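Note: hydrogens, waters and symmetry copies are ignored here, and every other heavy atom, side chains too, is used. Given the structure is predicted, the values throughout are model-derived calculations rather than measurements. We count residues from 1, following the sequence as given.
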Amino acid sequence: MHVLVLGGTAEARRLAALLVGSAPDLRVTSSLAGRVAAPRLPAGEVRIGGFGGADGLAAWLVRERVDVLVDATHPFAERMSTNAVGAAAATGVPLVVLRRPGWQPVDGDDWHPVDSLAGAAALLPTLGARVFLTTGRMGLAAFTGTAELDRLWFLVRSVDPPQPPVPPRMHVLLDRGPFALDDERALLAAHRVDVLVTKDSGGPATAPKLTAAREARVPVVIVRRPPVPAGVPMVTGPEEAARWVRGER
């Protein structure tokens, strides 16, 4: 059996670790998008780079004789998820989506949900002037281009350096999670952050910033995640995904 894991997440790496070596005839290939310069590599075979859309992915599934396709990409990798659905439909390869649960607000949170980065940018000037932006280096152009946005100061945290266009008043912090709560508290205080922007990526690795914001009474603009494609089975953990792959569905 050949399993292709569309990865790049901690859950994808955990799934690969569970599958590799678990059966003598099981081949596991993880595919990474290649957007990070030094990605954390999973167990098993690894390929890096795009497929060329749904048709390219379908061709790869056929050529490499893939038996099961697992979409364990980031919750906001909407294009890749759409391509996976198209490729699975074209080839008949079973597809399952592995998505960690999203975050949920608790008492004391001041969350402002929006549907896009543009929606987050439109809301920011009403909430604060010193922004901790944790949406990654892609999409920073959404936070530029107006006089109101150009007056804001941004602390941008990402794994790799961002490329223009970027906000004119910006400090870049190159770092990779997981992040400790004490460090997030110190970061908010040191930079006098008065509003946090994040995507609802879920999971524990970057959740401490939400606790730190709640404690400091900092409002959080949170971008809602896109829905899982309709009609596709979904699991929420690597162990459940491993059972699905093995046929325990």
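Shortest non-hydrogen contact noted between A142 and L117 is CB-CB, 3.9 Å. When all heavy atoms of A87 and A54 are compared, the pair lying nearest together is CB-O, 3.7 Å. The two residues L32 and G8 make their nearest non-hydrogen contact at CD2-N, 3.5 Å. The shortest non-hydrogen separation linking P39 to I48 is CG-CD1, 4.5 Å. Residues P94 and D67 come closest through the heavy atom pair CD-O, 3.1 Å. The shortest non-hydrogen separation linking R246 to L18 is NH2-O, 3.3 Å.
Between atom CG of residue D109 and atom CD of residue E215 there is a gap of 10.5 Å, rounded to the nearest 0.5 Å. Note that the OG atom of S158 and the CG atom of L140 stand 7.5 Å from one another [nearest 0.5 Å]. Here the CZ-CE distance, from F154 to M170, works out to 10.0 Å after rounding to the nearest 0.5 Å.
Counting non-hydrogen atoms of other residues, nucleotides and ligands closer than 6.0 Å to CG of D25 gives a total above 12. At most 12 heavy atoms of other shown residues, nucleotides or ligands fall within 6.0 angstrom of atom CZ in R192. The number of heavy-atom neighbours closer than 6.0 Å to CZ of R63, taken from other residues, nucleotides and ligands shown, is above 12.
With sequence neighbours excluded, the residues satisfying side-chain contact (heavy atoms from CB on, under 4.5 Å) with L123 are H112, V114, T126, L127, V221. Residues meeting the side-chain contact (heavy atoms from CB on, under 4.5 Å) test with A72, sequence neighbours left out: V5, T9, A12, V70, L98. Remark: E64 pairs with R27 by the salt bridge (Lys or Arg N to Asp or Glu O under 4.0 Å) rule, at least two apart or across chains. Here R224 pairs with D115 under the salt bridge (Lys or Arg N to Asp or Glu O under 4.0 Å) rule; sequence neighbours left out. Among residues two or more places apart in sequence or in another chain, the side chain to side chain donor-acceptor pair (under 3.5 Å) test is passed with R47 by S31. Not counting sequence neighbours, the partners of D182 by the salt bridge (Lys or Arg N to Asp or Glu O under 4.0 Å) test are R185.
Inter-residue side-chain proximity for L57 and M80 is flagged as met; some heavy-atom pair is nearer than 4.5 Å.
Residues V68 and L4 are members of separate hydrophobic clusters, defined by side-chain heavy-atom contacts under 4.5 angstrom among Ile, Leu, Val, Met, Phe, Trp and Tyr. Residues L152 and V166 are members of one and the same hydrophobic cluster, defined by side-chain heavy-atom contacts under 4.5 angstrom among Ile, Leu, Val, Met, Phe, Trp and Tyr. Under the 4.5 Å side-chain heavy-atom criterion for grouping Ile, Leu, Val, Met, Phe, Trp and Tyr, L149 is connected to V156 within one hydrophobic cluster. Under the 4.5 Å side-chain heavy-atom criterion for Ile, Leu, Val, Met, Phe, Trp and Tyr, W111 and V195 are members of distinct hydrophobic clusters. Both V3 and W244 are members of a single hydrophobic cluster when ILVMFWY side chains are connected at heavy-atom separations under 4.5 Å.
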Donor-acceptor pairs are to be reported for all side-chain atoms of residues 225-234 against protein atoms at under 3.5 Å, with residues two or more places apart or in another chain.
{"residue": "R225", "atom": "NE", "partner": "D200", "partner atom": "O", "Å": "3.1"}
{"residue": "R225", "atom": "NH1", "partner": "R100", "partner atom": "O", "Å": "2.8"}
{"residue": "R225", "atom": "NH2", "partner": "R100", "partner atom": "O", "Å": "3.4"}
{"residue": "R225", "atom": "NH2", "partner": "D200", "partner atom": "O", "Å": "3.1"}
{"residue": "R225", "atom": "NH2", "partner": "S201", "partner atom": "O", "Å": "3.1"}

Expected list for residues 204-212: side-chain donor-acceptor pairs under 3.5 angstrom, two or more places apart:
{"residue": "K209", "atom": "NZ", "partner": "T134", "partner atom": "OG1", "Å": "2.9"}
{"residue": "K209", "atom": "NZ", "partner": "T198", "partner atom": "OG1", "Å": "2.8"}

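Applying the ring-ring contact (aromatic ring centres under 6.0 Å, His included) definition to pairs two or more places apart or across chains, those involving residues 185-236 are W153-H191, H171-H191. Residue pairs satisfying the ring-ring contact (aromatic ring centres under 6.0 Å, His included) criterion with at least one member in residues 202-223, sequence neighbours excluded, are absent. Applying the ring-ring contact (aromatic ring centres under 6.0 Å, His included) definition to pairs two or more places apart or across chains, those involving residues 62-82 are H74-F76. Sorted by first and then second residue, the ring-ring contact (aromatic ring centres under 6.0 Å, His included) pairs involving residues 221-243 (not counting sequence neighbours) form an empty list.
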*List the steps, then state whether side chain to side chain contact (heavy atoms under 4.5 Å, CB included) holds for L19 with V245.*
CA-CA 9 Å; L19 293 176; V245 167; 4.2 Å; yes
_Audit row: V197, F132, side chain to side chain contact (heavy atoms under 4.5 Å, CB included) steps and yes/no_ = CA-CA 6 Å; V197 181; F132 184 21; over 6 Å; no
_Apply side chain to side chain contact (heavy atoms under 4.5 Å, CB included) to residues L61 and L69 and explain how you reach the verdict._
CA-CA 9 Å; L61 296 179; L69 176 60; 4.3 Å; yes
_Pair D160, L174 - check side chain to side chain contact (heavy atoms under 4.5 Å, CB included), show working._
CA-CA 6 Å; D160 293 318; L174 298 181; 5.6 Å; no
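Judged by distance alone, the side chain of D194 and the main-chain N or O of A129 form a donor-acceptor pair under 3.5 Å. For the pair W103 (side chain) and G203 (backbone), a donor-acceptor distance under 3.5 Å is present. Of the possible polar contacts, one joining the S116 side chain to the G119 backbone as a donor-acceptor pair under 3.5 Å is found.
In summary, D71 and R99 engage in a salt bridge, as defined by a charged side-chain N under 4.0 Å from a carboxylate O.
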